[in-house]
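Everything below concerns the one structure shown next.
Whatever order the structure lists ligands and atoms in, that order sets their numbers, starting from 1. Nothing fancy with the numbering, it's 1 onward along the sequence.
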Amino acid sequence: MRVLVVNAGSSSLKCQLIETDGKVSLMKCLAEKAGTLDVFMNVSFAPGFQKTAHDVAGLTVPECLEKLLRVLVTDPASPIRRLDEVRAIGNRIVAGGEFFSASVLIDHDVREKLSLCEELAPLHNPAADACIDLMRRLMPDTPQVAVFDTAFHATMPPKAYLYPLPMAYYEKYKIRRYGAHGTSHRYAAQQAANLLGRPLEDLGLITCHLGNGGSITAVNHGESIDTTMGFTPLEGLMMGTRSGSVDPAIITYLMRRENMSYDEMDAVLNRESGVLGISGISADMRDVLEAAGAGNAQAELAIEMYVYRVQKAIGSYYAAMTRTDAVVMTAGIGENSAELRERIFAGLAHMGMILDKERNDVTGQIGVNRVISIDDSPIKICIVTTDEEMRIARETDDLVCRMPA
Ligand code: ADP
């Protein structure tokens, strides 16, 4: 089945056309900085995936998607000529609230509930909903599926998902922890079990999704029992531009002192903090590592803080689980930065997580799932390449196949 996977963020759009039968990608598209003057969009097709830049000046995220559909039916390299050759659309949705604990086909009722989830992930959900609406307009007969980042965490017990606030706020507004990156954590856990050659149900795993956004999950016997992201994807680790957890009193204090509006405060926490806020250089870990290497003290401090917060989260989940068999590293930083992995695990050897420096350093193995701890490490350390788009395509295929004829 040919599935178009749509992964929309506030200013970025990642799409793939995936043939689920052979698990192959036929087209990849990345648009970034949408809604700004610097917006760009690259599209590439199998087999060579030679990138072509398209003119998207001034376009928003859904407008970039509309442009992509035109490219899909006109580019000679595209495997399709008509949009109805796309059998289904799989949408990545960051927040599903308490409405959704599994992927669903999108109908009128689901679409209404999705609107109610928008404020839970204000950077991501509104853009995803706008893309769903666009596709319903342009491809009304093509089934659409929503795959939620929160669904995997629906197994968290109340002691993990509730905040110690007056219970009335949970009852009234469903203020609780939902987590995110669930598709990635679920996949990382399953792949790690395959690597270790043991059933997922027998294992205790700590999965670390370290990308632009970052979260860590305690996966006990195959189920998420706790995760660092909370009511929104702002809680937990220090991230590219997000603060992660801070004393909530700082927010009211700053708003008073700086006379800031809610939106301004929201922008500080979501877009101006984290690695960017401390380093003053970039949200991109590669830039910050380079600057630190060249002696920039702020960049070095940002990395130290980043590493320290990851270490503390891993330690706390070691305590939360009944056993820990492996720590799994995935996403941009987790998969690619040997330096960050080395710094993180240098502080965790006393817990039995002992990195093998050579295995960690191996280059040329990008994209290969592997174990990078020493043979005798009581807790294994694994790298798993995340493939969010493929997972979304598979889930979409599953649901569409089960649709009544
Ligand atoms: P997202 O999907 O959340 O946008 P990714 O999983 O693509 O993010 O991760 C992006 C992050 O990974 C960026 O901070 C980027 O700098 C970092 N990254 C990618 N490759 C490397 C590398 N070789 N070394 C260090 N960081 C890297």
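A heavy-atom distance below 4.5 Å is found between the side chains of I314 and C208.
Annotation for L203 and D325: closest pair CA-OD2, 3.5 Å, computed over non-hydrogen atoms.
The aromatic rings of Y170 and Y161 lie tilted to each other, with the angle between the two planes from 30° to 60°. Between F100 and F148, the ring-plane angle classifies as parallel under the 30° and 60° cut-offs.
For K14, every heavy-atom contact with ligand 1 shorter than 4.0 Å involves the side chain, none the backbone.
Remark: minimum distance from atom 15 (C) of ligand 1 to any protein heavy atom is reached at D284 OD1, 3.4 Å. Scanning all protein heavy atoms for the shortest distance to atom 10 (C) of ligand 1 gives N212 N, 3.6 Å. From the protein, the heavy atom lying nearest to atom 20 (N) of ligand 1 is N336 ND2, 3.4 Å. The shortest contact between atom 25 (C) of ligand 1 and any protein heavy atom is with S337 CB, 3.5 Å. Looking only at protein heavy atoms, the nearest one to atom 27 (C) of ligand 1 is R286 CG, 3.7 Å.
For the side-chain contact (heavy atoms from CB on, under 4.5 Å) with D397, the qualifying choice from I18, T20, I392 is T20, the only one to do so.
Between R271 and D266 there is no salt bridge, since none of the side-chain N atoms of the basic residue sits less than 4.0 Å from a carboxylate O of the acidic one. Electrostatic pairing of D375 and R359 counts as a salt bridge here, judged by a charged N lying under 4.0 Å from a carboxylate O. The pair R343-E300 meets the salt-bridge criterion, with a side-chain N (NZ, NE, NH1 or NH2) lying under 4.0 Å from an Asp/Glu carboxylate O.
Residue I333 holds the heavy atom nearest to atom 17 (C) of ligand 1 of all those in T386, I333, L30.
For ligand 1 and G213, the ligand atoms under 4.0 Å from any heavy atom of the residue are 3 (O). Each of the following atoms of ligand 1 lies closer than 4.0 Å to a heavy atom of L289: 25 (C).
For ligand 1, the polar-atom distance check against G332 finds a nitrogen or oxygen pair separated by under 3.5 Å. Among the atoms of H209, none of the N or O lies under 3.5 angstrom from an N or O of ligand 1. The N/O atoms of M285, backbone and side chain alike, include one that comes under 3.5 Å of an N/O atom in ligand 1.
No heavy atom of E339 sits closer than 4.0 Å to any atom of ligand 1.
A cation-pi contact, defined as under 6.0 Å to the ring centre and within 45° of the axis, is absent between K33 and F40.
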